Structures are given as structure tokens and as C-alpha cells.
Undergrad: 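The structure under discussion is supplied below as C-alpha cells; questions concerning it will follow.
Because the structure is predicted, anything quoted here is derived from the model rather than measured. Lettering of chains follows the sequences in order, A, B, ..., and the numbering in each one begins at 1.
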Amino acid sequence: MKKHFKYLVTAALPYANSFIHIGHISGAYLPPDIFVRYKRLNDEDVIFISGSDEHGTAIEMASISEKVTPQEIIDRYHFANKKAFEDLGINFDIYSRTSNKIHHDTAQEFFLNIYNKNILVQKTEKQLFSEKENRFLADRFVTGTCPVCGYEEARGDECSNCGSNLSPLELINPRSKITGDIPVIKESTHYYFPLGDYQEKLEKWLDGKRGWKQNVMNYCKGWLKAGLRDRAISRDLDWGVKIPVEGNDGKVIYVWFEAPIGYISATKELFTERNEPDKWKDYWMNEDTKLIHFIGKDNIVFHSIIFPAMLMAHGDYILPDNVPANEFMNFEGEKQSKSKGTGVLVKDITAKFEPDVIRYTLASNMPENKDSEFVWKDLQVKNNSELAGILGNFINRTVVFTKNKFDNRVPEIISIPETEDGILAFLIRSLRN
RNA sequence: GCCGGGAUAGCUCAGCUGGUUAGAGCGUCGGAAUCAUAAUCCGUAGGUCGGGGGUUCAAGUCCCUCUCCCGGUACCA
């Protein structure tokens with residue numbers, strides 16, 4: 001007998017510090033929407049989850065530089081992006097947000113679960129601290145002189161001039177990128193997730209996977225080959241999910257640790273809304289559920305290495321069945337990028353074109369195996385020639401033909417012979433009548 | 001630097017485990033039709049599959065090498 005599966009489909013949680021563009025859509029949102037529509041047409045049990053990822057350094061920094069609260073930032077992008085998906089006919093069962101209480105609770109529970117099993121380790125490291133801002137500075141928010149090439153605007157993580165990988169402590173004359181303040185070195189203690197302990201289990205798990213995309217598998221193998229290391233999962237930051245352990249004021253759970261847990265929180269929230277508060281377990285704690293994460297290629301490590309390891313550590317939940325990651329869709333020869341101001345925002349394109357036209361154009365050129373290219377001319381051609389011309393004309397012609405030749409009525413079905421000779425004879429007979 | 005991916009017609013892209021004259025859409029050029037929307041239909045030309053070498057009866061497909069582009073390189077998310 002055919003086994004009946006449930007499908008738990010997730011689309012990457014967009015980070016709530018920018019408006020989504022059509023590259024995101026063709027990479028991580030249209031593919032699952034098509035998949036989910038297909039499953040629904042087949043009357044299969046499927047739920048479709050996404051939401052905004054609303055914590056982390058970048059949002060806190062944006063709020064500082066714009067002089068608004070983080071809440072204002074995330075509200076702006078959460079509602080805009082939620083609407084963008086709706087305007088494109090991408091209908092999630094729930095589009096949640098990680099700032100919701102249910103997510104904070106779920107993420108803290110998750111953290112405590114593995115904390116109480118003594119899985120986490122603590123390490124103390126030296127970090128740059130701005131006394132003026134009263135905060136530790138993330139690597140990328142420190143600039144200074146590169147110790148290798150002498151470039152004066154090197155970032156804390158990397159010198160954009162010579163490409164050297166750096167630690168912010170190596171920079172000569174470090175300063176805060178936000179205020180220009182000169183930081184001091186201060187120690188900070190953080191929780192680390194011992195990713196290396198899960199190396200073997202992960203290798204075994206991945207070995208058993210069939211039908212995964214080559215790009216995803218290669219990427220994972222690359223990480224495994226290099227050897228997995230402990231990963232810090234706390235940050236010195238105000239904006240985020242608080243560490244649920246005494247003595248950790250000013251520390252939050254690292255955004256990439258809690259964000260994927262958002263898939264679980266959102267599922268809980270969905271069934272709470274439906275007045276079936278325990279039904280989420282039917283999906284997350286059920287071996288007959290296929291958990292599928294649709295993402296862009298930039299998210300592979302988090303969904304196919306780190307999150308699975310977290311789920312293994314926790315133990316109560318199923319692991320992903322597949323992680324289909326698409327490549328990127330570029331725009332008129334350039335990468336779509338918020339910082340460079342290139343690309344096409346969903347809110348702009350939906351203001352001008354019908355969702356089906358956009359969906360068709362994107363779907364017919366999805367970056368499944370390699371980066372693809374979107375050009376406006378393409379949309380014009382696909383709309384005018386393929387949709388309006390070929391498909392539209394076919395439908396219109398059929399309707400008009402029916403109207404004029406069959407007296408406004410759909411004629412009865414007649415059986416047509418299958419062989420060519422038979423069809424020919426049939427046509428000749430019809431013409432004579 | 002190291003690891004991974006990519007390069008196929010003018011443009012945007014398909015080509016699974018190697019197997020007959022390498023495909024599609026659009027564009028080009030040439031025709032046709034009026035049942036149909038400034039719509040349609042049919043046909044044509046166009047590629048040394050990034051360069052070079054190798055394995056094989058057979059290579060776009062496997063191996064080596066070179067060039068160019070992209071991603072990752074663990075505190076961006």
C-alpha cells in the first residue's frame with residue numbers, strides 16, 4: 001500500500017531589513033508555492049510556512065542609523081513583504097514573525113532543552129567593546145587599518161582591499177563603523193553549540209539522502225570535509241530572544257540559531273489560530289511528515305548542516321527530508337542587491353503587472369542549476385507573445401468559434417478515429433456535409 | 001590562497017547514468033491563412049557545445065590543464 005505522507009513545506013524567512021525582490025521570489029518562494037499548489041491539487045496533506053526573520057545585528061544597527069526603534073524597522077518590512085507575497089498569489093498557511101511571543105517562548109524552550117542536557121559549552125573571548133555606545137561591536141561593524149596591506153578602511157571580518165580574513169582584534173586603529181568611537185578590548189562569555197560532535201551523525205544522515213540537488217550536497221560535503229567546529233550561539237545584543245539562563249543580561253540567542261526554530265513556532269501559531277493547539281505535533285513529531293525547506297543558495301549551511309544538528313540535539317523533532325536550494329536570479333547583467341540598489345522589488349513590479357504574468361516569467365526561467373538572468377524585454381515578450389498571443393488567442397479563438405459556428409453552444413463530444421487515415425476520412429465526410 | 005559551481009544558436013535557457021544528423025522559446029529571413037486579439041500558423045538560416053590535451057568503437061556528457069565569471073571560506077543574514 002502506498003504510504004501517505006504529510007508535507008511540511010517551509011520557505012526561507014526573509015530578513016526584515018529590506019524589501020524582497022524578484023530574485024528572492026524565483027529562488028525560494030515561487031518554487032515552493034508551485035510545489036504546494038500541486039500537492040493541494042492532488043488533495044495531499046500539506047502546510048506551507050514562512051514569516052519574517054526579525055532579530056539580529058543588522059536590524060539593530062539599522063535602527064540606530066535611522067534613529068528609530070527596531071520595532072519600526074521590522075514592522076515596515078514585515079507588512080510590506082507579507083503584502084508582496086499576497087500580491088503575487090503566494091499563499092502561505094501562515095506568514096508569521098520571529099518577534100512574536102510564541103516564537104520567543106519556543107526558541108527559549110529549544111535553547112533550554114539542549115542547555116539542560118549539558119550539550120552547550122561556554123567560552124570566554126576578547127571582543128571589541130564601545131564604551132560610548134555601551135555595546136560589543138560585531139566584526140563587520142568595526143573598521144580599521146589592515147595589518148596585511150595597510151588599507152585604512154578594512155572591515156573587522158575581512159579586508160576589502162587585499163581579501164585577507166581578519167579578526168577585529170588584528171585591526172590597527174579600530175573604530176566603530178556606526179559612531180567612529182574607539183573601542184576597548186573586553187572579555188565576553190558565550191554559549192557554543194558543539195557542531196563538531198554531530199559530524200558523524202550528519203555525514204550518515206546526508207549519505208542516506210537521495211534526490212538532493214547536487215549543489216546542495218556538494219556544499220554540505222565541503223563543510224563536512226573541512227571539519228565542523230563549535231559555533232557561538234549567543235550574541236551581545238539587545239534586540240533578539242533573551243538567553244533564558246540567569247546571569248546573561250544583554251545577551252540574546254544568535255539570530256541564526258533561533259530563526260529556523262521560527263518554522264516550528266509558526267506551525268504552532270497556525271494551529272493555535274485554528275483552535276487545534278496540539279496539532280502542530282502531527283507535523284513536527286511525526287515520522288510520516290516530509291519536512292522540506294525551500295531556500296536560496298546562501299542559506300544552505302544553515303538548513304542542511306546547522307539546523308539538522310540542532311534538531312538532532314533536541315531530539316523530539318523530525319529532520320528535513322530535502323533542502324532544495326535554488327541559485328540566484330540576476331537582473332540585466334547584475335546581481336540583485338539592496339545595498340547596490342539593483343534589481344526589481346516585488347512591490348514595484350506588482351504595481352504594474354498582473355501576478356500571473358510575473359509568475360509565468362519567473363517560473364519559465366528559474367535558477368535551478370545555475371544563476372539565471374531576468375531582463376525586462378523577457379517579461380514583455382512572454383506577456384505579449386506567449387501569454388496574450390499564443391495562449392490568449394487560442395482561448396479567444398475557441399470561444400469565438402463556438403459562438404459563431406455552433407450557435408453559442410458547446411457542441412456535443414463526438415468520437416474521433418485514432419488513425420491518420422481514419423481522421424482524414426472523418427474530415428472529408430465532415431466537409432461534404 | 002583553498003573548496004565548490006558555471007561557460008551550449010544573436011538573446012534567455014534545456015540537454016539523466018557517454019550512443020544515431022546537439023534542442024526549445026524569442027529574435028532573423030521567407031511564405032500561408034482569416035475560425036481568432038495590433039493576435040495566428042508553416043517553413044528557413046544560425047552552434048569547431050569557453051581554449052588545449054587525453055580516455056573510448058563513440059565525448060556537450062568522463063579525466064587533465066588553461067582562461068574568464070560566480071558562490072563559500074565559519075561574527076552578513
Undergrad: As a test of reading the structure: which of B:U40, B:U12, B:A36 is closest to the side chain of A:V400, going by heavy atoms?
TA: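 Among B:U40, B:U12, B:A36, the one nearest the side chain of A:V400 is B:A36.
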
Undergrad: Return no unless some side-chain N or O of A:R397 is found under 4.0 Å from OP1 or OP2 of B:C41.
TA: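 Looking at the OP1 and OP2 atoms of B:C41, neither is under 4.0 Å from any side-chain N or O of A:R397.
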
Undergrad: I want to verify a distance call: between B:C13, B:C26, B:C75, whose nearest atom is closest to the A:R231 side chain?
TA: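 Looking only at heavy atoms from C-beta outward on A:R231, the closest nucleotide is B:C75.
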
Undergrad: Indicate, with yes or no, if the rings of A:F35 and A:F294 have centres closer together than 6.0 Å.
TA: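 Ring-ring flag for A:F35/A:F294: true, centres closer than 6.0 Å.
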
Undergrad: Which value, in whole Å, describes the distance between the C1' atoms of nucleotides B:C49 and B:G23?
TA: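 Nearest-Å result for B:C49 against B:G23 at atom C1': 12 Å.
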
Undergrad: Decide if the gap between the ring center of A:H21 and the ring center of A:F331 is smaller than 6.0 angstrom.
TA: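 No, the ring of A:H21 stays outside the 6.0 Å limit from the ring of A:F331, centre to centre.
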
Undergrad: Quick one: which of B:A77, B:C13, B:C41 gets closest to the side chain of A:I390?
TA: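 Closest nucleotide to the A:I390 side chain: B:C41.
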
Undergrad: Using the test side chain to side chain donor-acceptor pair (under 3.5 Å), find all partners of A:E386 that sit at least two apart in sequence or belong to another chain.
TA: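 Partners of A:E386 under the side chain to side chain donor-acceptor pair (under 3.5 Å) test: A:Y360.
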
Undergrad: Start with the C-alpha gap between A:V241 and A:Q108, add the side-chain angles, then the distance that decides, and say whether side chain to side chain contact (heavy atoms under 4.5 Å, CB included) holds.
TA: CA-CA 7 Å; A:V241 178; A:Q108 290 184 333; 3.6 Å; yes

Undergrad: Any side-chain N or O of A:N218 less than 4.0 Å from the OP1 or OP2 oxygen of B:G5?
TA: yes

Undergrad: Quick one: which protein N/O atoms are closer than 3.5 Å to N/O atoms of nucleotides 67-72 of chain B? Pair and distance per line, please.
TA:
unit_1: B:G71; atom_1: OP1; unit_2: A:K335; atom_2: NZ; d: 3.3
unit_1: B:G72; atom_1: O2'; unit_2: A:Y219; atom_2: OH; d: 3.4

Undergrad: Apply salt bridge (charged side-chain N to carboxylate O under 4.0 Å, His left out) to A:K213 and list each qualifying residue two or more places apart in sequence or on a separate chain.
TA: none

Undergrad: For nucleotides B:A7 and B:G51, find the distance between their C1' atoms and express it as a whole number of Å.
TA: 12 Å

